Number of protein chains: 2
Amino acid sequence: MPREIEPGKLPPSSCRECQIAPFTIYGPTIREAPNKICQLRCETRKVSAGRTLLREGDIPQKIHVIYSGWALYYKQLSDGRRQIASFLLPGDTLMLEAICFPRLPAPFSVKALTDVAICGFTTTDMITLLHGSDAQERKFSRARHQLLRFLHSRLFDLGRRSARGRLAQLVLELCARVKTRGMMADDGSFSFPPRQEHLADALGITTVHVNRTLAQLRREGVFSIEGGRLSVHDEEALRQIAHEE
Amino acid sequence: MPREIEPGKLPPSSCRECQIAPFTIYGPTIREAPNKICQLRCETRKVSAGRTLLREGDIPQKIHVIYSGWALYYKQLSDGRRQIASFLLPGDTLMLEAICFPRLPAPFSVKALTDVAICGFTTTDMITLLHGSDAQERKFSRARHQLLRFLHSRLFDLGRRSARGRLAQLVLELCARVKTRGMMADDGSFSFPPRQEHLADALGITTVHVNRTLAQLRREGVFSIEGGRLSVHDEEALRQIAHEE
DNA sequence: CGTACAATTGAGTGAGTTCAAGTGGGGTGG
DNA sequence: CCACCCCACTTGAACTCACTCAATTGTACG
C-alpha cells in the first residue's frame, strides 16, 4: 500500500479513513471521536501549484489543514527577495497562529508549492474543538510551543550556521516530519518537491550556492536529490554536519 | 524630571506610581484598577548584570516584568556561538510565551545585560489578570501577535539583509521601543548598554565587523554610539538603509 | 600605575555572490 | 517524429562581504 499521498489528491469523505488525520492538530479527537471532525469540516478544496492560499496582511477567515501536497510559508519583498519561514506538509495547519489570535492580519503569506488539497474549518469551531478535551488541549499547547521553538532554532540557523549546516539542518528536519507522517518510502527516500530556488529562499543563500553545496554533499555521499526524491545515504554524517556547522 | 530609569533601581512600592506600568502587558489594568497589580505582585528583585534569569530548558515558575535595566533573550551553543533573539527593555515581559504555555520548558535563556529590577507574578495570577477585561485580553493577544511578527521579521533580516541593513533595522526597532516608553532624551539620544559583542550576537555577525559597520555609519552621519548612549543623526537615512538593504 | 575589558585597526583568507554561459530533460507544435 | 523551447540545474570566473587572527589604542577601575 502506498504511504505517499499524491499532491492535489482530495481527502476521503470520512475523516475516519484519513491516513493523515492522526498527525494533525486534531489528532487526539480523531482517536476519540472521529465523526466530530467530519461534522465540523466545512470545506475540502484542491489548490493548484503556485496559487496563493493566504496573503500577508489578510485576515484569515478559516483554519485549513493540508491533506496532500506541499506549501510554503514566506515573506516577500517588492525587490524580489523572499524568505521562506518553513515548508508545510500534509497534516500541517495553515496559520496555527490564526487559532490563537483570530481577526489579526497574517504576518506572512502561504502558497502552494505543489498541487495541494486542504480541509477547512471555521475559526470558532476549531477553537472550541481544540479546547474540547484535555488531550486535545495539551496537543494544541505543545504545537504552539513547537512553533516557537522552531522559529528560534531557525533564527539561530540563519544567524550562526554555514550554508552546509543550514542545509543539513533543513533536510534533517524535513526527514523527521516526513517520517512521523508515514510518508517515507521503504528505501529511505521520499518525495521532495522543492526546487533549489526554494531551498535558497529558505536558507537565505543563492540558488547557485545551494547547487554547489548540494553537489558537495552528494559527492560526499551524505544525501542526494534526484527526480524529485530525496534519499539520505549517511544519516550519521548528516546529523553531524547539521549539529556542528 | 528624568525619564530614564537607572538600571537596577527598584520599582516604587505602589504600582500606581510606576512610570513603566502603563507600557507593560498589564497596562490596561493599571489604568482601570491599579491596586489590583500591587496586590498580585509577589516579588520585586534586583538582579546584577550578567546574571542568568532563566536558563533554556527550565520551567518558568513565575512571570517577570522588567522595571529597570536591559536583558537578553538568547540561545547558546557549547562551542561559544550565541544568537540573541532580542533585547528586553523596561516594561517588557520575560517569557511572554510562558503565559501561553505554562509548565513547558523555556526554548531559550534570559540574562541581565545591565543591572535589572524585576517584578514577579505567579503564572496563574497573571493568566487570570490577562483575561480579566476585554481591553486586557486584546492587549495580550496583540502582544503575542507582535512577538510572532517580530520573530518573522528577524528571520527575514538574518536571512536576506546585509550587515548594514540588519544593524539599521535593529537600531530603528530599539529607538521605537525606547520612544514609546518615554525613555528617549530630549536631544534624541538614549542610554544604550549593549556592547558591540551583543550587537554581533544579535545580528549574526562578528564583533570586528560590527565595529567596522558602526564606524562607517558614524562617518556617514547616520547614527553613533558613544559613552553608552546612542544618538540618531539622520533618521531618514537610517530608515532607508533599514528598508532597502 | 597596572590590570582588564571594550573598541579599533590591519592584513590575509574564505564563504558566498554575481554574472554569464552551457547542459539536459520534458513538453509542445508543426 | 523531429525541432524547438522552456525550465531547472550545472559550471566557471571574478568579485566582495564578512571572517580570522593578531596587534594596538583607549578607558574605567582598583
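Naming: A, B, ... by sequence-line order, numbering from 1 per chain. Nothing here was measured: the structure is a model prediction, and the numbers come from that model.
When ring centroids are compared, B:His152 and A:Phe108 come within the 6.0 Å threshold.
Here the side chain of B:Arg218 is nearest to one of C:dT18, D:dC19, C:dT8, namely C:dT8. Distance from the side chain of A:Arg195 is smallest for D:dC9 among the nucleotides D:dA18, D:dC9, C:dT17. When the nucleotides C:dG16, C:dT18, D:dA18 are ranked by their closest atom to the side chain of A:Ser162, C:dG16 comes out on top. Across C:dT9, C:dG16, D:dG12, the shortest atom-to-atom separation from the side chain of B:Val208 is found for C:dT9. The nucleotide whose nearest atom lies closest to any side-chain atom of A:Arg212 is, among C:dG16, D:dA13, C:dT8, D:dA13.
Rounded to an integer number of Å, the gap from A:His209 NE2 to C:dT17 P is 6 Å. In this entry the distance linking CD1 of A:Ile205 with P of D:dC17 reads 19 Å, nearest Å. Going from atom CD1 of A:Ile225 over to atom P of D:dA8 covers 15 Å, rounded to whole Å. Atom CZ of A:Arg161 and atom P of C:dG16 are 13 Å apart (whole Å). Atom C1' of nucleotide C:dG16 and atom CG of A:Leu199 are separated by 16 Å, given to the nearest angstrom. In this structure, CZ of A:Arg219 is placed 11 Å from C1' of D:dT11, rounded to the nearest angstrom. At whole-Å resolution of the value, CG in B:Leu158 and P in D:dA18 are 13 Å apart. For A:Gln196 and C:dT23, the CD to C1' distance is 14 Å, given to the nearest whole Å.
Neither OP1 nor OP2 of D:dC9 sits under 4.0 Å from any side-chain N or O of A:Asn211. Between B:Thr206 and D:dC19 there is a side-chain polar atom (N or O) within less than 4.0 angstrom of OP1 or OP2. Contact check, A:Arg160 against D:dA18: no side-chain N or O comes under 4.0 Å of OP1 or OP2.
Between the side chain of B:Asp58 and the backbone N or O of B:Pro60, no donor-acceptor pair lies under 3.5 Å. Side chain of A:Asp115 to main chain of A:Ala49: a donor-acceptor pair is present (N/O by atom type, distance under 3.5 Å, no hydrogens or angles). A distance-only check finds a donor-acceptor pair linking the side chain of B:Arg166 to the backbone of B:Arg161 [under 3.5 Å].
Cation-pi check for B:Arg82 over B:Tyr74 is met; the charged atom lies under 6.0 angstrom from the ring centroid and within 45 degrees of its normal.
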